[in-house]
Amino acid sequence: MPTTSTDSRAAAAALLAPGTTCHGFAVERCETVPELDSDAYVLRHTASGARLLYLACDDENKAFAIGFKTPPADSTGVFHILEHSVLCGSAKFPVKEPFVDLIKSSMQTFLNAMTYPDKTIYPVATTNEQDLYNLMDVYLDAVFNPAIYTKPTIFEQEGWHYELDLPESVEGEGGDSPASLREGTLRYNGVVFNEMKGALSDPMSVLDDAVNAALYPDTAYAHESGGDPRAIPALTYEQFLDTHARHYNPSNSYITLYGDLDVDRALAFLDERYLSQPSAASRRMDAAVAAGEDPSALAPNPLGVQAPVTCEYKRIEMATTPENALVGLGLVLGSALDRKRTIAADILFEALLGSNEAPVKKAILAAGLGGNVVSYTAAESLQPYELIMLQNAQPGVARELRRVFQDACRDLCEHGVPRERLEAIISSNEYDLRQRDYGIADGVAIACDALSTWLYDDDAATLALKYGPVYEELRGELDGSYFEDLLRELVLENDHMALVELVPVDAAEGAESAEAAELAAKRDAMTDAELTDVVERTAVLRAAQEADDTPEDKATLPRLRVSDIGEARPEPPLVVDTTAPIPCLRHGIPTNRLAYAMQYFDLSCVAFEDLPYVTLLCRLLKQLPTREHSAEELDNLLAGKLGFLSFTTEVMTQPDVDGVRPYLLVSAGALSEKIDALASLPREVWSSTLLLDADADRVRDVLTQVRIGLEQGFINNGHSAALGRAMSYSSPSAMVREQLSGVDFYLFLRHLLEHFDERLDSLRAKLAELANRIFVADGCMASFTGSDEDFDTYWATAGDLGLGVGDGAGSGTLVVPEPRDRHEAFVIPSDICFAASACDPRRLDINVTGAWAVAANALSYDYLWNEIRVKGGAYGCGFRAAGERQTAFYTYRDPAVDPSVERMERAGEWLGSFEPDEAAFEGFIVSCVSGMDAPVKPYALTKRRNTTYLAGLDPHAREERRAQMLAATPAELRSFGADVTRIAAESPTCVFGGRDVIAKSNADFNVVDLMG
């Protein structure tokens, strides 16, 4: 038995002895997982066959997840549509949107669901144990007893349905006659349908799908599990229900419990409430067998192994801009259960391709084949693969890419992969593993990681979690030829690979035109009765969407009370240590033997028009040689000695509405045993990088990669770009952000690259001059997070960081131009759009208190969710009230602009008549406050506290905001209605979207072809 170190671990050890049974679960084995400071118990529910993994540890952020093996048999996206649909009501909880009700009423720290290429996972996390049972109850009833069997409108809403848009001239003249209907435009709508239109507007996703289809043509991985919009309308309601019944049963499930919880209670709950009870799916299956169906035909879809295949070359076309030309080389690595091989391959390809100084990436860039090359290890599949992707590819270079790649790898096989690179990558990975910053609740990330092996072998529940011995073994392999042998097998001798080229074509040849032609033909082929049926079914769907849940149905949902929240999580005081050589914000936060050091350099000395050069400076530092080290030596040194080093910009909005203070932020992290590097390496980079002698090709490569990254952001996260741009129409701070990282910076960068040769010398001089001006002690504020011993060691080594006093030579002064509404719509290669309306509420004399966060919650997850997502078909939407300095509406992957904007304009009217019942309103408060109280990782907490200080916020502002949330009343929220109407009316709007979507808007935007 494993030794125990916490109460939860001790209780589990006493209860779950291997070979015993607990609440119907047979305990198969237990083992310590030192990497996670936990004990793992693997169980099987005897009656149902459900598998369960419990990770007992002292993490208060508890988690539950249930996953199902769901390999698709086609690209209709049935499992993605099911993922959405089962969360739209169930037998026990018959409300329309229990998922949304939980978001706005629970203390969840994670609540979502994810569709993978071969599995679907429903995870939740919370710091409150009763809340965990509430979330489990709703999720388990959703997956086993969903309302989809009795409400076909759920399938139509979340999956797809027809709609018939009539011309205004027809609508106004009783447009329901058969002749009038034939003048209508038939279209598809549905949340998943529109989501996947947005997802597959990303050329990288399209290429990845094509590589999978070429690598695994005879398996589930050949299909788009999220759904191809061209295939989604082939899915019928009956196929949808049949797929649920065959896959959503306990014998096909994988359950994870994690954290400091009462496992005895949890197992009893699972057994008594669900696993020992018949489900809607099982009843449908029993009925099918009774009707004489072959039981073998009712089994889940198979997940088979693909025999090796070689795709020498495949060309695919996509309607997108020429810059989005791509080439992908896919290499199958082996089996998911060979963890050593998969991890070694990840380390190997990171060493060869992970930076501009990596030897294989350097060779590809030198060959001039494209703008950037990246690699990705896809480890979450039965047969993991490596994808090497050339971005901004030159025409017809696919085979040349493979030749250059293989030649560079062949040379490394013969002469050896540089050991300093491999050691650096291993050290960097080990830092990340100790930090455990997954970006989401730990238990959720760990549940997903476990399934990357458990799904393929019942004995491999913890295989992916126990990485310590693998890294120890791989360090030992550095002394032999293991990595060279692996490289030879994967690149030079691999008979399971594919080469795919994505070629941009004119939009007129793309999927949108094909869809329009298809729909026109379908409309023409429909009978009058069928066209009438489309209109009538749409009306039925709309009525279902607009119907309110009954009080009786609402009462079925489990609710937490404000009294369940508890006291605010205490934080150690922020101390400004003036004894250090540089004034230092000192954070006494536990870090698991890690240390974080930051320096904030004031940019108020930089002229507004020079701000884009500051971002270029940030991107080029670390990429160029210093006086002490070549670029390659520096690259290895940083990866081996530091966990990370970043040069970024931060803009702090000030208490004065026109006040703005930008900073260049240097952030670094290191293991406690490498504090000397934390003190010396960032200084070396900022003080001795050879900017005046910067190699032209190296600089061009970096800037091209920055451009490509920005373009990917516009396509995939256009709502963030639209929010930033909309804010810049009225906020000086947002204008500065646009210069540093938004559209203005992007346009500056494009122009610079178009005239690169003629501007190179002036660019070098400008960067060197800015570095000399910025990296000085004047106005610099340091920050340190770590133990007292690490703090003392850091400053003893760092001294004054080599920062002199600025002489002001050549300095400018930051003067921000007057903001103005540009009313822009930016054309991007996409079939959907992202829209945002935003402003600083102080411009409207609106005081945004903590109660506004409760109002934002209600608007986002009640009014806007139902109007824009459910009815409009957008994938996402919301209203933000961030502190007192931003209010904003936004939509995400939205099929149309004007309907959403009109619904935003009516939001204030809705809030003005907001009459929630007591339980619902209390839920809004609970979710707001618990979101503020959710655990935060040390680095993120450090940055938040630093921002509070540098933005001039009251250090007690969070406490006051929390108290205002708790004191909010429905009447107070109703009083905000008029202000919300003003915000919607007076906040400038910005859109990023496809040309056709923008053209259908009547808003008279200034249309800008952003990406050429």
Side-chain angles (χ1 to χ4, degrees), residues 44-45 47-52 64-74 76-94 98-99 111-124 135-152 154-155 158-159 192 220 223 225-227 235-256 269-271 273-289 293 295-303 447-448 451 454-455 458:
R44 173 88 70 153
H45 191 254
S48 69
R51 306 158 188 81
L52 187 141
F64 157 83
I66 182 165
F68 301 91
K69 186 183 291 186
T70 54
D74 53 41
T76 59
V78 60
F79 289 116
H80 188 188
I81 298 169
L82 278 170
E83 175 222 308
H84 283 240
S85 299
V86 301
L87 295 171
C88 292
S90 65
K92 187 175 180 180
F93 307 106
F99 172 73
L111 185 76
N112 213 328
M114 296 89 83
T115 303
Y116 290 79
D118 57 13
K119 54 187 167 283
T120 309
I121 306 176
Y122 297 84
V124 300
L135 298 172
M136 287 168 60
D137 205 9
V138 174
Y139 262 45
L140 286 164
D141 203 57
V143 297
F144 290 131
N145 303 298
I148 59 174
Y149 288 98
T150 57
K151 295 181 179 180
I154 294 174
F155 168 71
E158 299 299 321
V192 169
H223 308 298
S225 60
L235 181 65
T236 69
Y237 179 55
E238 282 302 311
Q239 291 169 335
F240 169 74
L241 296 182
D242 171 69
T243 303
H244 178 271
R246 291 189 297 111
H247 295 84
Y248 279 60
N249 57 75
S251 63
N252 192 42
S253 71
Y254 301 77
I255 298 170
T256 303
F269 176 90
L270 290 166
D271 172 54
R273 298 279 187 94
Y274 291 99
L275 299 182
S276 294
Q277 303 297 325
S279 67
S282 65
R283 286 190 287 269
R284 182 178 174 88
M285 294 286 280
D286 291 344
V289 172
E293 286 199 40
S296 64
L298 303 176
N301 294 343
L303 181 60
C448 295
L451 278 172
W454 191 18
L455 194 78
D458 286 352

His84 side chain reached by Phe99 side chain, heavy atoms, under 4.5 Å: no
Do His45 and Leu270 touch side chain to side chain, with heavy atoms closer than 4.5 Å?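 No - every pair of side-chain heavy atoms lies 4.5 Å or more apart.
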Quick one: [atom1] on [X] to [atom2] on [Y], what's the gap to the nearest 0.5 Å?
X	Y	atom1	atom2	value
Ile154	Leu82	CD1	CG	11.0 Å
Thr243	Phe79	OG1	CZ	5.5 Å
Phe240	Thr76	CZ	OG1	10.5 Å
Gln239	Ile81	CD	CD1	10.5 Å
Leu135	Leu140	CG	CG	10.5 Å
Tyr122	Tyr248	OH	OH	2.5 Å

Return the set of residues passing salt bridge (Lys or Arg N to Asp or Glu O under 4.0 Å) with Glu158 (not counting sequence neighbours), or none when no residue passes.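 Arg869.
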Of Asp141, Ile148, Val143, which is the lone residue that meets side-chain contact (heavy atoms from CB on, under 4.5 Å) with Asn145? Asp141
With distance as the sole test, does [X] use its side chain to make a donor-acceptor pair with the main-chain N or O of [Y] at under 3.5 Å?
X	Y	result
His247	Asn301	yes
Arg44	Leu52	no
Thr120	Thr70	no
Arg246	Leu298	no

So, using side chain to side chain donor-acceptor pair (under 3.5 Å) as the criterion, who are the partners of His244 when residues are at least two apart? Tyr149
Heavy-atom closest contact ([X] atom, [Y] atom, distance):
X	Y	value
Ser253	Arg51	O-NH1, 3.1 Å
Pro72	Pro117	CD-O, 3.1 Å
Asn112	Tyr139	O-OH, 3.0 Å
Ser225	Thr115	O-CG2, 4.1 Å
Ser48	Leu275	CB-O, 3.5 Å
Asp74	His223	O-CB, 3.3 Å

Start with the C-alpha distance between Leu451 and Tyr116, add both sets of side-chain angles, then the distance that settles side chain to side chain contact (heavy atoms under 4.5 Å, CB included), and finish with yes or no. CA-CA 11 Å; Leu451 278 172; Tyr116 290 79; over 6 Å; no
Just checking, is any N or O donor in the side chain of Ser276 or Asp271 under 3.5 Å from an acceptor N or O on the other one? yes
So Phe68 and Phe144, would you call those rings parallel, tilted or perpendicular, with 30° and 60° as cut-offs? perpendicular
Assign the ring pair Phe155 / Tyr237 to parallel, tilted or perpendicular, where the plane angle (0 to 90°) is split at 30° and 60°. tilted
